[in-house]
**Q** 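Dropping the structure in here first, questions after.
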There are 2 protein chains.
Amino acid sequence: MSCITTLTRTLRQRGYRMTPQRLAILQALHDVGHLTPAQVYARVRATGMTEATVYRTLDFLAENDVVRVADRGSGHLAYELAGEDHHHLICRACGAQQEIPAEVLRGMLDALEGHTGYRLNAGHLTFFGLCPICQESFTAEPVYEIVGG
Amino acid sequence: MSCITTLTRTLRQRGYRMTPQRLAILQALHDVGHLTPAQVYARVRATGMTEATVYRTLDFLAENDVVRVADRGSGHLAYELAGEDHHHLICRACGAQQEIPAEVLRGMLDALEGHTGYRLNAGHLTFFGLCPICQESFTAEPVYEIVGG
DNA sequence: TTGGTTATTGATAAAATTATCAACAAGGAA
DNA sequence: TTCCTTGTTGATAATTTTATCAATAACCAA
Ligand SMILES: [Mn+2]
Ligand SMILES: [Mn+2]
Ligand SMILES: [Zn+2]
Ligand SMILES: [Zn+2]
């Protein structure tokens with residue numbers, strides 16, 4: 001049974017409906033990985049859909065755990081289909097990206113749950129830092145305490 | 001020597017300038033904890049400053065590690081003075097907030113650095129989940145697989 | 001102090017995101 | 001298939017955030 005069929009049934013059971021707009025957006029997210037609202041709109045505007053609908057739908061799908069949101073520091077949120085849980089690591093110097101399997105942080109999240117009593121969401125954290133290559137370029141120039149010469 | 005004096009010197013050493021606008025915004029952030037751009041503007045508009053300046057300045061201060069940014073899921077970024085490193089934990093049901101000292105996650109971040117070779121930024125992650133109280137309200141109604149009756 | 005360089009601001013326009021609401025259509029029931 | 005209920009969309013306006021650019025002022029050097 002198709003993935004869409006399952007999703008459609010899930011939404012209906014919650015009192016929502018499947019629409020061609022939602023299908024088109026899901027298809028766009030399926031074709032590419034992460035997409036900003038503007039990028040999604042670029043891929044579905046041919047259908048006549050409004051930009052407002054894109055924002056609304058992405059928010060709706062995220063609210064229903066069908067897609068994941070991520071603030072990757074670009075100023076625009078990125079959306080992707082909810083699949084295998086993972087996190088993101090971004091170099092704030094060169095922009096290099098790296099995915100982190102959810103298992104890597106599982107232990108930490110479990111510890112945090114124990115520490116706080118909260119039940120944490122599985123996913124999609126974004127970490128920022130310097131990749132190995134960019135670290136060298138920056139070692140000679142620390143962010144703080146520039147003594148100057 | 002005043003904290004402002006130190007900060008002013010730091011900025012000048014980097015080729016930037018201290019202005020009354022920047023001082024006012026820093027003061028607002030010092031008085032209250034986390035503030036969105038709109039909240040900052042509400043506290044400094046009496047000075048005649050523009051909204052654009054608020055956005056620009058907050059971005060500038062964040063870029064220079066003077067303030068921290070956080071996406072707390074409200075749709076608006078929150079800024080605060082860079083002080084002791086910490087993280088945030090928010091209940092997505094009732095909105096309850098909880099601060100997490102940086103030490104609690106230090107080990108995890110160290111492990112992640114070892115795993116990836118990246119040098120991570122210390123701070124200000126935001127985790128979402130369900131607080132102990134809200135967990136009970138939701139146990140009878142799992143997010144997925146609502147079988148209905 | 002005074003003058004000159006240029007980072008910064010205010011004014012303004014543009015772009016992005018959200019809010020309203022009437023018209024439409026998904027989908028359950030008969 | 002037809003009808004009804006109501007969730008969803010498009011159109012539109014309002015709000016938020018960003019981009020431009022000339023005028024201003026911080027601050028370094030005389
Ligand atoms: Mn992702
Ligand atoms: Mn904080
Ligand atoms: Zn890098
Ligand atoms: Zn709660």
Side-chain angles (χ1 to χ4, degrees), chain A residues 4-26 28 35-64 66-67 69-79 146 148-149, chain B residues 4-26 28 35-64 66-67 69-79 146 148-149:
Chain A
I4 288 297
T5 306
T6 306
L7 174 57
T8 300
R9 175 162 30 190
T10 301
L11 289 183
R12 285 180 185 164
Q13 286 172 337
R14 298 183 195 178
Y16 302 124
R17 298 171 185 175
M18 181 53 69
T19 67
Q21 289 86 351
R22 288 176 179 171
L23 278 177
I25 290 177
L26 287 170
L35 289 176
T36 66
Q39 292 170 325
V40 169
Y41 179 63
R43 291 185 158 262
V44 301
R45 66 182 313 169
T47 69
M49 193 184 323
T50 310
E51 281 188 273
T53 299
V54 172
Y55 285 102
R56 260 185 321 221
T57 302
L58 289 173
D59 189 58
F60 167 83
L61 294 174
E63 210 70 39
N64 285 88
V66 177
V67 306
V69 201
D71 177 4
R72 304 156 94 200
S74 73
H76 300 279
L77 295 177
Y79 296 81
I146 296 175
Chain B
I4 288 296
T5 305
T6 306
L7 175 56
T8 300
R9 174 162 32 190
T10 302
L11 289 182
R12 285 181 186 163
Q13 286 172 338
R14 298 183 195 177
Y16 302 124
R17 299 170 184 175
M18 180 52 71
T19 68
Q21 290 84 352
R22 287 176 179 170
L23 278 177
I25 290 177
L26 287 170
L35 290 175
T36 66
Q39 292 171 325
V40 169
Y41 180 63
R43 289 184 159 263
V44 301
R45 66 180 312 169
T47 70
M49 193 184 323
T50 311
E51 281 189 275
T53 299
V54 172
Y55 283 102
R56 260 184 322 220
T57 302
L58 289 173
D59 189 57
F60 167 83
L61 294 174
E63 210 69 40
N64 285 87
V66 177
V67 307
V69 202
D71 177 4
R72 304 156 95 200
S74 72
H76 301 279
L77 295 178
Y79 296 81
I146 296 177

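First the proteins, then the strands, lettered A, B, ... as listed; each starts at 1.
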**Q** Could you check which of dG10(C), dG10(D), dG27(C) has an atom nearest any side-chain atom of T53(B)?
**A** dG10(C)
**Q** Nearest 0.5 angstrom please: L26(B) CG to T8(B) OG1, how far?
**A** 8.5 Å
**Q** Can you tell me if R9(B) and T6(B) form a side-chain donor-acceptor pair at under 3.5 Å?
**A** no
**Q** I want to confirm an ordering. Mapping G75(B) and M18(B) to their closest nucleotides on DNA chain C, which one lands closer to the 5' end?
**A** M18(B)
**Q** In whole angstrom, what separates L77(B)'s CG from dA16(C)'s C1'?
**A** 14 Å
**Q** Under 3.5 Å, is there an N or O donor on one side and an acceptor on the other linking the side chain of R17(A) and the base of dT6(D)?
**A** yes
**Q** Between A52(A) and T19(A), which has a closest nucleotide on DNA chain D that is more 5'?
**A** T19(A)
**Q** Given the rule in the side-chain contact (heavy atoms from CB on, under 4.5 Å) test, do Y16(B) and N64(B) qualify, once you have shown the distances and angles that lead to the verdict?
**A** CA-CA 10 Å; Y16(B) 302 124; N64(B) 285 87; 3.5 Å; yes
**Q** Give me the atom names and distance for the closest heavy-atom approach of L11(B) to R17(B).
**A** CD1-O, 4.4 Å
**Q** Does R56(A) get its side chain close enough to the base of dG10(D), under 3.5 Å, for a donor-acceptor pair?
**A** yes
**Q** Specify the residue among G15(B) and H76(A) whose closest nucleotide of DNA chain C lies further upstream toward the 5′ end.
**A** G15(B)
**Q** May I have the distance from R22(A) (atom CZ) to dG27(C) (atom P), rounded to whole angstrom?
**A** 10 Å
**Q** Nearest 0.5 Å please: distance from the CG atom of L58(A) over to the CG atom of L35(A).
**A** 9.0 Å
**Q** Let me know the distance between OH of Y16(A) and C1' of dT6(D), rounded to the nearest Å.
**A** 13 Å
**Q** Measure from the side chain of Y55(A), starting at C-beta and using heavy atoms only, and say which of dT18(C), dG10(C), dT17(D) lies closest.
**A** dT18(C)
**Q** Rounded to whole Å, please give me the gap between CZ in R14(A) and P in dT8(D).
**A** 12 Å
**Q** Identify which nucleotide among dT8(C), dT8(D), dG10(D) has an atom closest to any side-chain atom of Q21(A), counting heavy atoms from C-beta outward.
**A** dG10(D)
**Q** How long is the line joining CE of M49(A) and P of dA11(D), in whole Å?
**A** 12 Å
**Q** Toward the 5' end of DNA chain D, which comes first, E51(B) or R12(B), by nearest nucleotide?
**A** E51(B)
**Q** Provide, to the nearest angstrom, the distance between the OH atom belonging to Y41(B) and the P atom belonging to dG10(C).
**A** 10 Å
**Q** Take atom CG of L58(B) and atom P of dT17(D), then tell me their distance rounded to the nearest Å.
**A** 10 Å
**Q** Given dT9(C), dG7(D), dA11(D), identify the nucleotide with an atom nearest to the side chain of T57(B).
**A** dT9(C)
**Q** Taking atom P of dG28(C) as reference, at what distance in whole Å does atom CD of Q13(A) sit?
**A** 10 Å
